[in-house]
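Since we're looking at a predicted model, the values are computed, not measured.
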Amino acid sequence: MAQRIAFATCAKLAEGFEDDHAAARLLDADFVVWNDPAVDWSVYDHVVIRSAWDYTIQREAFVAWVRSLGERVSNAPDLIAFNSDKAYLGALGVPTVPTAYVVPGAETPQLRGEVVVKPTVSAGGRDTGRFDPDHHDEARDLIAQINASGRVAMVQPYVEGVDAAGETAVVFLDGEVSHVLHKKPVLREQGTPELLDPDDPASEAAIMHDEDLVTSGEASPEFLDLAHAAHGELATRFGVPLYVRVDMVPGPSGPVVMEIEAVEPCLYLDLAEGAAERLADAVRARATR
């Protein structure tokens, strides 16, 4: 009997994100809204979290839903819980962008140089800003705004190498490197980027829709080594993930991890020949185990 596969999405993308369509067709998978109360998840043999991009505004409910699926979901529930809060950066053994965490009620740390401020639970550039010393008051205001909403704020130095080199992302599918991506800087100006829909609490930054923001790329041996090390940490702790995107930037002493995306990353499958087929094969193998 054929396995029934669901690609979990959000209500705004009820038909799924276009980058996932080819893999879904290969699997005859259904796009299903993750928080639709009418859905009977028991009919699915495997659930792949894809474009559930509104989870950040209801993370606790999202993690509880993932846990309710048990071993039928990719990635593993413990990995989803870990990776859905960017505090995980402080728990990694690989080089990362230095990060200070400001919990509600805590004193704002002294700001030095150009900094980035964002919440530990966020996506798409929401509530995220870049601030040089002339704009530190705006940075403090954003920290206060994040804390006032009950969230933890992150403060990081702005990595200058991003302006010239952008980001390098390595996509792993079922433990193997599938493809490499290059991403242009998102925070190109001081302050917070314009949102696509300011009235939508889950809206992403408008710049995320730039056609040439992400392109096919290459990774030097140093970046590949770091990506493998980061992936290996997750695999050792949570088992080999179905998919992971390791986002890295050039630091002052070598590459550093900016983020590891293991919840619902855009994988940019359309930029790499055979990537949709590789994802479909990996999902099919897991669904039949």
Exercise for the section: Check ring-ring contact (aromatic ring centres under 6.0 Å, His included) between His179 and all other residues, then give those that pass, not counting sequence neighbours. Expected result: none
Fill in the blank from the handout: Value for CE (Met154) from CG (Leu89), rounded to nearest 0.5 Å, stands at 5.0 Å
Handout entry: Residues Thr120, Tyr101; criterion side-chain contact (heavy atoms from CB on, under 4.5 Å); working and verdict
Key = CA-CA 8 Å; Thr120 59; Tyr101 299 95; 3.8 Å; yes
Exercise for the section: List in chain and number order the residues that pass side-chain contact (heavy atoms from CB on, under 4.5 Å) with Ala14, two or more places apart in sequence or in another chain; answer none if no residue qualifies. Expected result: Val33
Practice task
Identify the two heavy atoms, one from Pro250 and one from Gly166, that lie closest to each other, and give their separation to 0.1 Å.
Solution key: CD-O, 3.8 Å
Exercise for the section: Not counting sequence neighbours, list each pair that qualifies as a side chain to side chain donor-acceptor pair (under 3.5 Å) and has a residue in residues 273-284. Expected result: Ser178-Arg278, Asp281-Arg284
Exercise for the section: Not counting sequence neighbours, which residues clear ring-ring contact (aromatic ring centres under 6.0 Å, His included) with Phe17? List them please. Expected result: Trp53
Handout entry: Approximate separation, where rounding is to 0.5 Å, of Ile80 CD1 and Ile49 CD1
Key = 4.0 Å
Practice task
For Gln190, look at atom CD and say whether over 12 heavy atoms of other residues, nucleotides or ligands are found less than 6.0 Å away.
Solution key: yes
Exercise for the section: Determine yes or no for a side-chain-to-main-chain donor-acceptor pair under 3.5 angstrom, with His182 supplying the side chain and Ala219 the backbone. Expected result: no
Exercise for the section: Could you verify whether a donor N or O on one side chain and an acceptor N or O on the other, from Tyr158 and Asp132, lie under 3.5 Å apart? Expected result: no
Enumerate, atom names and distances included, each donor-acceptor pair closer than 3.5 Å involving a side-chain atom of residues 226-238, sequence neighbours excluded.
residue : atom : partner : partner atom : Å
Glu233  : OE1  : Gly93   : N            : 3.1
Glu233  : OE2  : Gly93   : N            : 2.7
Glu233  : OE2  : Val94   : N            : 3.0
Thr236  : OG1  : Gly232  : O            : 2.9

Problem - Minimum side-chain heavy-atom gap Leu181-Arg245 below 4.5 Å - result: yes
Problem - Test side-chain contact (heavy atoms from CB on, under 4.5 Å) applied to Asp40 - qualifying residues, sequence neighbours left out - result: Ser42, Val43
Problem - Carboxylate-amine/guanidinium contact Lys184 Asp210, below 4.0 Å - result: no
Problem - Expected output: side-chain Tyr88 to main-chain Ile260 donor-acceptor under 3.5 Å - result: yes
Practice task
Give a yes-or-no answer on whether the side chains of Arg151 and Ser122 include a donor-acceptor pair shorter than 3.5 Å.
Solution key: no
Handout entry: In one Ile/Leu/Val/Met/Phe/Trp/Tyr side-chain cluster, 4.5 Å: Phe172, Leu269
Key = no
Completion exercise
In this structure, OG1 of Thr99 is separated from CE of Met258 (nearest 0.5 Å) by 11.0 Å
Fill in the blank from the handout: Minimal heavy-atom distance between Pro157 and Pro98, with the atoms involved, is CD-O, 3.2 Å
Problem - Least distance between heavy atoms, Gly251 atom then Val159 atom - result: CA-CG1, 4.3 Å
Exercise for the section: Treat each ILVMFWY residue as a node, draw an edge where side-chain heavy atoms are under 4.5 Å apart, and state whether Val66 and Val32 are in one component. Expected result: yes
Practice task
Sequence neighbours left out, what pairs pass salt bridge (charged side-chain N to carboxylate O under 4.0 Å, His left out) with at least one residue falling in residues 3-21?
Solution key: Arg4-Asp30, Lys12-Asp200, Lys12-Glu204, Asp20-Arg50
Fill in the blank from the handout: Sorted by chain and residue number, the ring-ring contact (aromatic ring centres under 6.0 Å, His included) partners of Trp65 (sequence neighbours excluded) come out as Trp34, Trp41, Phe62
Handout entry: Residue pair Ser51 / Thr9: nearest heavy atoms and the distance that separates them
Key = OG-OG1, 2.6 Å
Exercise for the section: Is it possible for you to say whether Val244 and Val263 belong to one hydrophobic cluster, with membership spreading through side-chain heavy-atom contacts below 4.5 Å? Expected result: no
Problem - Straight-line distance of Asn75 CG to Ser84 OG, nearest 0.5 Å - result: 12.0 Å
Handout entry: Residue pairs, two or more places apart or on separate chains, that pass salt bridge (charged side-chain N to carboxylate O under 4.0 Å, His left out) and touch residues 101-119
Key = Glu114-Arg130, Lys118-Glu259
Problem - Intermediate values then yes/no, side-chain contact (heavy atoms from CB on, under 4.5 Å), Gln58 and Asn35 - result: CA-CA 10 Å; Gln58 43 190 325; Asn35 54 355; 3.3 Å; yes
Exercise for the section: Could you list the residues that satisfy side-chain hydrogen bond (donor to acceptor under 3.5 Å, both in side chains) with Ser68, not counting sequence neighbours? Expected result: none
Problem - Separation of Ile57 CD1 from Ser149 OG (nearest 0.5 Å) - result: 12.0 Å
Practice task
Identify whether Val283 and Leu173 are in the same connected component of the hydrophobic contact network (ILVMFWY, side-chain heavy atoms under 4.5 Å).
Solution key: yes
Fill in the blank from the handout: Correct closest heavy-atom pair for Ala276 and Ala22 would be CB-CB, 3.9 Å
Completion exercise
Hits for salt bridge (charged side-chain N to carboxylate O under 4.0 Å, His left out) against Arg286, two or more places apart or cross-chain, chain-then-number order -> Asp174
Exercise for the section: Output, in order, the C-alpha distance, side-chain angles, deciding distance and verdict of side-chain contact (heavy atoms from CB on, under 4.5 Å) for Asn147 and Val103. Expected result: CA-CA 7 Å; Asn147 285 168; Val103 300; 5.9 Å; no
Handout entry: Distance (rounded to the nearest 0.5 Å) between Leu279 CG and Tyr243 OH
Key = 9.0 Å
Exercise for the section: Could you list all the salt bridge (charged side-chain N to carboxylate O under 4.0 Å, His left out) pairs where at least one residue sits in residues 52-75, not counting sequence neighbours? Expected result: Arg67-Asp78
Exercise for the section: Say whether Val47 and Leu267 are linked into one hydrophobic cluster, either directly or through other cluster members, by side-chain heavy-atom distances under 4.5 angstrom. Expected result: yes
Problem - Residue pair Thr128, Thr192: steps toward the side-chain contact (heavy atoms from CB on, under 4.5 Å) verdict - result: CA-CA 6 Å; Thr128 297; Thr192 56; 6.0 Å; no
